[in-house]
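Data first, discussion second: the structure below is written as structure tokens.
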Amino acid sequence: MSQRRELPKTYDPRECEDRLYRYWEESGFFNAEVNPDKKPFTIVIPPPNVTGQLHMGHAFDETLQDTLIRFKRMQGYEALWLPGTDHAGIATQIKVEEALRNEEGLTRYDLGREEFVRRVWEWKEKYGSRILSQLRKLGSSCDWRRLRFTMDEGLSNAVKEVFVDLYSKGLIYKGSRIINWCPHCRTALSDAEVEYVEKPGHLWHVRYPIEGSDEYLVIATTRPETMMGDTGIAVNPKDERYRHLIGKRAILPIMNRSIPIFADEYVEMDFGTGCVKVTPCHDPNDFEMGQRHNLEFILVLDEDGKVNENGGPYQGMDRLECRKAIVRDLEAQGYLVKTEDYTHNVGTCYRCHTDVEPVTSAQWFVKMAPLAKEAIRAVEDGEVRFVPERFTKIYTNWMENVHDWCISRQLWWGHQIPAYYCDDCGHMEVSKTPVTCCPKCGGSSIRQDEDVLDTWFSSALWPFSTLGWPEKTPELEYFYPTDVLVTGYDIIFFWVARMIFSAMEHMHEPPFKTVYIHGLVRDAQGRKMSKSLGNGIDPLEIIDKYGADALRFTLITGNSPGNDIRFSVEKVESNRNFCNKIWNASRFVLMNLTVPDFALPETLSLEDKWILHRYNELVREVTDNLDRFELGVAADKLYSFIWDSFCDWYIELCKPRLGEGADPAASEQAQRVLGHVLTGVMQLLHPFMPYITEQVWQGLRGADSSIMVSQWPQYDEKLCFAEECRDMEGVMDVIRAIRTRRAEMNVPPTRRAELIIVTARGDLYRSAEPVLKKLAYGSHVTVLAEAPEDTAGMVSVVAGTARVYMPMSDLVDTEKERQRLQKELDNVSGQIARIDQKLQNEKFVQKAPAQVVEGEKERRRKLQELQARLEESLRQL
RNA sequence: GGAGGCAUAGCUCAGCUGGCUAGAGCGCUCGCCUCACACGCGAGAGGUCACUGGUUCGAGCCCAGUUGUCUCCACCA
């Protein structure tokens, strides 16, 4: 026992976190097995980038998941949190290329594909576990034995399986279409990977002479550099100004090429000049017009964003350089009519933020319309539910308007597309296994498609590929579909939507029942945390300084689903303080501990019943809140229960019964209730703050015990003491009122007051005497049914059903006292008047629930009692 | 152009299916090193719940509109 008294005054997370984590992991507490006797509960982690480092966004995401999984595990589910990492095609490739350039001055082309990919794997082996150990620091209770990687063998099989299947169904096709090209990453991107940014630009008005006439057209363009690819001019068919020109031809300036003028509904008459230059290879709308009107398709940019051989004099120029040159030439040759400032949206690459170039290119696509149908239905029918609900609309809206998904990437790091081309006959074969012999001509000169798949193609399969699909594994059978997916709103389109349609297509069942969407972590000023701003806060530094529990609690509280959170160190500090509060409360309990267990005693005091009642309610509420994904609300309730109810009141209320000289029976009784409530509340808090709760648990139950394998507390009807609870609140009101009076009168804390309590509930206050003495600084308590005859020189205070007299003649200022009482009386009278107004309203009495009406009446009775006492006090002054 | 979020105390935010005198943290004021904790204890000050109208016995919450602000989607060259 002596070592218990030596517990330090402040909680030191550094001392225990790693040790406890190791203990949990080694004990296998994170492991989940196929277990027909239990119900499964599954979460798959949103796989962080394999080369990434833990940032606040991860910390937030993982904390939510860990809280849910620990809760369900304690509730008795076979809870699997399946971890893994994503190969993150572009991001990782860029990183390795950077390192290669910086360290060796080489490009990936210098190494060649095979060697480069080998280097990336090397990099992955070296840095891929960094993020995993960082996840551990947070306390994440993943089943690490089941760690998966999007490019490991099983997942690669799943990718091939899906590709071949979709291809055979005609849902994957290769075609020449307009795609977004990032000249820096040198790859195609999907629509989702383009971020539009408003940028200042110009609207150049350019004169196009009409062939065989003196007339000319003026065209407004923001992108003169693609002019060399113009193959037509479009006007609106209803536009009177240009009707006579339809069917004629114009001369493309500088290139001196003849291009047709045609009519198309797409053209807005009132924008610019009402004429559009059509560049089918470099604009999605022009592409469509090009197809409708059978225009020529001329590509003028190469994969670096430089002008190609079709660009005449500008060949070899970078696109921006070319823009300047063309504007200069147009002006010099008299074609430029005017230049306007114009801000417009420019597409940029979500990885490197380079302006993307719409270009026509042969790529692989997933045909979305048929897949989207089921994906929308599953959500609309409630098979997948979004929390908060509003994201449902964002999802369906996107799904309903989604374009085909460009899945090929001109990268080297990723799943190489399982399509094979025969050099001899040109046949293409899509196959799960490598093709070495052409099935058509028997030729053996076979090349695999050079491109790799979009990273998100493999992540889309994550909920089932990680469980072994396409194999029919017992894990897949048992743990699928998963229960909750936790992720930020920023990747609903990238990932969530694609998982849903993939699962519907391949599993014929949704990938998860609930999608819990959270917001972004912002800095204290509300700005996005970013590398370029340098305002990111490293979660690992926070953990090191304040502990993982304080960080976790900060990320959970004061926040509701779907909303962004502002992170500030001050919040972490206050939660660190909360940890310390918990620590000291348990230190107090341990210091006074003599009983061997916390079985509840037969007899319970008023305050025991009060705290047990409140605790019991807390169990129910926290459980309900967690079931409804209201983690922030649950955490808030735990905070105030522990700090306010348990520490500030109950522990203080217990003190008269504990310590030296106390009655052993009463002490034992108090200890049992203290221990019972403390252990229970540690369990409720454990999903949020795993470390300190385990530490306290082991202090109370022994180091060979773990809170992780304890059972989630249950609501217990036997602990429902509503009436005693109300009585106790009454006593507390009295205590508060006395404290307030003392503070108002500047009574020094050392001065004990005599208390004369006048009340009809004499038994109640006599039984509460020790508590009143302790908390209300009474050195003696007298309970009377009627006011003492001589109250001169006494201050009185009214609270609930009691009036308290304190003989402190030297401190009383009668006039001030009168004012104070009058003010209180006015307040009470006002409240009664408001209630009367309600009760006199027939409609209220008629229509409001009986419970509410009865409540108002009850409140009125109490207020009236208070009023009477106040009036009496005033008379006695 | 379309959709959505947010607007509650000085600051940051909770407030579940409408129901007592709207809460917390931080900050602020006053008093306390009270034998678990000064990372603490006690007592306070501080709010026309953005605005207007409506529904209701009753609105911070529901409906319509207005203003401000942020975000997403679309992409009129």
Side-chain angles (χ1 to χ4, degrees), chain A residues 7 9-11 196 203 219-223 234 266-268 270-279 283-286 344-347 388 390-391 393-394 397-398 401 489-490 492-493 519-520 524 526 546 554 557-560 562-568 570-571 573-592 621 624-625 628 630 632-633 635-636 639-640 644 647-648 651-652 655 659-660 736 739-744 746-750 774-775 777 827 830-831 834-835 838 841-849 851-853 855-856 858-859:
Chain A
L7 280 179
K9 277 173 128 179
T10 49
Y11 169 61
Y196 287 89
L203 201 52
I219 284 164
T221 178
T222 54
R223 310 206 51 211
Y266 159 78
V267 181
E268 299 281 334
D270 46 7
F271 184 87
T273 59
C275 311
V276 184
K277 70 185 201 60
V278 183
T279 322
D283 180 280
N285 293 307
D286 293 4
H344 59 145
N345 285 327
V346 180
R390 69 184 137 93
F391 289 102
K393 210 169 153 190
I394 293 176
N397 192 34
W398 185 81
N401 299 297
Y489 58 66
D490 51 333
I492 292 176
F493 306 141
L520 268 38
Y546 302 99
T554 302
T557 44
N559 173 250
S560 50
N563 292 331
D564 290 352
I565 124 170
R566 283 197 202 204
F567 190 91
S568 68
E570 289 74 33
K571 286 188 197 169
E573 273 174 10
S574 76
N575 288 316
R576 183 268 324 263
N577 295 351
F578 179 47
C579 290
N580 204 47
K581 191 73 187 173
I582 293 168
W583 180 251
N584 276 290
S586 17
R587 206 158 69 93
F588 174 81
V589 173
L590 287 172
M591 276 166 57
N592 287 287
E621 288 177 24
D624 284 353
N625 287 136
R628 291 199 297 255
E630 295 158 358
V633 177
D636 273 342
Y639 184 95
S640 63
D644 304 337
C647 293
D648 287 350
I651 285 184
E652 295 303 327
K655 282 179 180 173
E660 281 166 42
R736 269 189 286 252
R739 284 171 175 172
T740 305
R741 290 298 289 124
R742 290 175 59 102
E744 276 169 6
N746 297 317
V747 180
T750 45
K774 167 85 189 155
L775 296 189
Y777 303 101
N827 181 19
Q831 285 186 53
R834 258 203 307 272
I835 294 175
K838 269 192 192 175
N841 183 340
E842 276 175 39
K843 283 180 182 167
F844 171 75
V845 181
Q846 238 169 53
K847 294 191 177 176
Q851 211 185 349
V852 173
V853 178
E856 290 293 323
E858 173 63 23
R859 229 185 103 216

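Whole-Å rounding puts the A:Asp564 CG to B:U12 P distance at 14 Å. Atoms CZ (A:Phe567) and C1' (B:G25) sit 14 Å apart, rounded to a whole Å. One atom, CG of A:Asn559, and another, C1' of B:C6, lie 14 Å apart when rounded to the nearest Å. The interatomic distance linking A:Asn345 (CG) with B:A74 (P) rounds to 11 Å, in whole Å. In this entry the distance linking CD of A:Glu268 with P of B:A77 reads 10 Å, nearest Å. Atom CD1 of A:Ile565 is separated from atom P of B:A14 by 10 Å (rounded to the nearest Å). The distance between atom OH of A:Tyr266 and atom P of B:A74, rounded to the nearest whole Å, is 15 Å. Taking atom CD on A:Gln831 and atom C1' on B:G19, their separation rounds to 16 Å, with Å as the unit.
To the nearest 0.5 Å, atoms CD (A:Glu652) and CZ (A:Phe588) are separated by 7.5 Å. Note that CG of A:Leu590 and CH2 of A:Trp583 are 8.5 Å apart. Values are rounded to the nearest 0.5 Å. Here A:Arg859 contributes atom CZ and A:Glu856 contributes atom CD; the two are 5.5 Å apart, rounded to the nearest 0.5 Å. Rounding to the nearest 0.5 Å gives a distance of 11.0 Å between OG1 of A:Thr10 and CG of A:Asn577. Atom CZ of A:Arg223 is separated from atom NE2 of A:His344 by 8.5 Å, given to the nearest 0.5 angstrom. The NZ atom of A:Lys277 sits 8.5 Å away from the CG atom of A:Asp283 when rounded to the nearest 0.5 Å.
Inter-residue side-chain proximity for A:Phe578 and A:Thr554 is flagged as unmet; no heavy-atom pair is nearer than 4.5 Å. Between A:Tyr639 and A:Thr557, the closest side-chain pair of non-hydrogen atoms is not below 4.5 Å. Side-chain atoms of A:Thr750 and A:Tyr777, non-hydrogen and from C-beta on, never get closer than 4.5 Å to each other. Residues A:Val276 and A:Phe271 form no side-chain contact, since every pair of their non-hydrogen atoms from C-beta on lies 4.5 Å or further apart. Proximity of A:Arg741 to A:Val747: side-chain heavy atoms (C-beta onward) are nowhere separated by under 4.5 Å.
With A:Asn584 contributing its side chain and A:Lys9 its backbone, the two residues share a donor-acceptor pair below 3.5 Å.
One C1' atom belongs to B:U17, the other to B:U21, and the distance between them is 23 Å to the nearest Å. Comparing the same atom, P, in B:G15 and in B:A9 gives a spacing of 15 Å after rounding to whole Å. Distance noted for atom P between B:U29 and B:U66: 44 Å (whole Å). Using C1' as the reference atom, B:G1 and B:A14 are 36 Å apart when rounded to the nearest Å. Spacing between B:G27 and B:A59 at atom C1', rounded to whole Å, works out to 31 Å. Comparing B:C57 with B:G4, their P atoms are spaced 30 Å from each other, to the whole Å. With P as the reference atom, B:G65 and B:G23 are 33 Å apart, rounded to whole Å.
Nucleotide B:G25 has B:C11 as its partner under the Watson-Crick or G-U criteria, with both atom distances under 3.5 Å. B:G58 makes up no base pair with any nucleotide shown, lacking Watson-Crick or G-U wobble contacts both under 3.5 Å. B:A77 makes up no base pair with any nucleotide shown, lacking Watson-Crick or G-U wobble contacts both under 3.5 Å. Taking a pair to require two hydrogen-bonding distances under 3.5 Å in either a Watson-Crick or a G-U wobble arrangement, B:U34 remains unpaired. With a 3.5 Å ceiling on both atom-pair distances, the Watson-Crick or G-U wobble partner of B:C6 is B:G68. Summarising the base pairing, B:G47 is matched to no nucleotide, lacking a Watson-Crick or G-U wobble pair whose two defining distances lie under 3.5 Å.
For A:Arg566, taking side-chain heavy atoms from C-beta onward, the closest of the listed nucleotides B:U12, B:A14, B:G19 is B:U12. Among the nucleotides B:U56, B:U21, B:G5, the one closest to the side chain of A:Lys847 is B:U56. Closest to the side chain of A:Phe844, out of B:A77, B:G19, B:G4, is B:G19. Here the nucleotide nearest the side chain of A:Lys571, chosen from B:A14, B:G4, B:U12, is B:U12.
Counting non-hydrogen atoms under 4.0 angstrom, A:Asn575 reaches nothing in the nucleic acid. Residue-level contact check: A:Arg859 touches the bases, meaning some heavy atom is under 4.0 Å from a base atom. Among the atoms of the strands shown, none is found under 4.0 Å from any heavy atom of A:Pro748.
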Treating primed atoms plus P, OP1 and OP2 as sugar-phosphate and everything else as base, which nucleotides of nucleotides 33-44 of chain B get B, S or - for protein heavy atoms under 4.0 Å?
---BBSBSSSSS
Expected rows: protein N/O vs nucleotides 22-24 of chain B N/O, under 3.5 Å:
none

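Residue A:Arg628 has no polar side-chain atom (N or O) positioned under 4.0 Å from OP1 or OP2 of B:C16.
Closest-nucleotide positions on RNA chain B for A:Gly855 and A:Glu570 were compared, and the one nearer the 5' end corresponds to A:Gly855. With the nearest nucleotide of RNA chain B identified for both A:Tyr489 and A:Ile835, A:Ile835 has the one nearer the 5' end.
You won't find any donor-acceptor pair under 3.5 Å spanning the side chain of A:Asn841 and the base of B:C57, going by distance alone.
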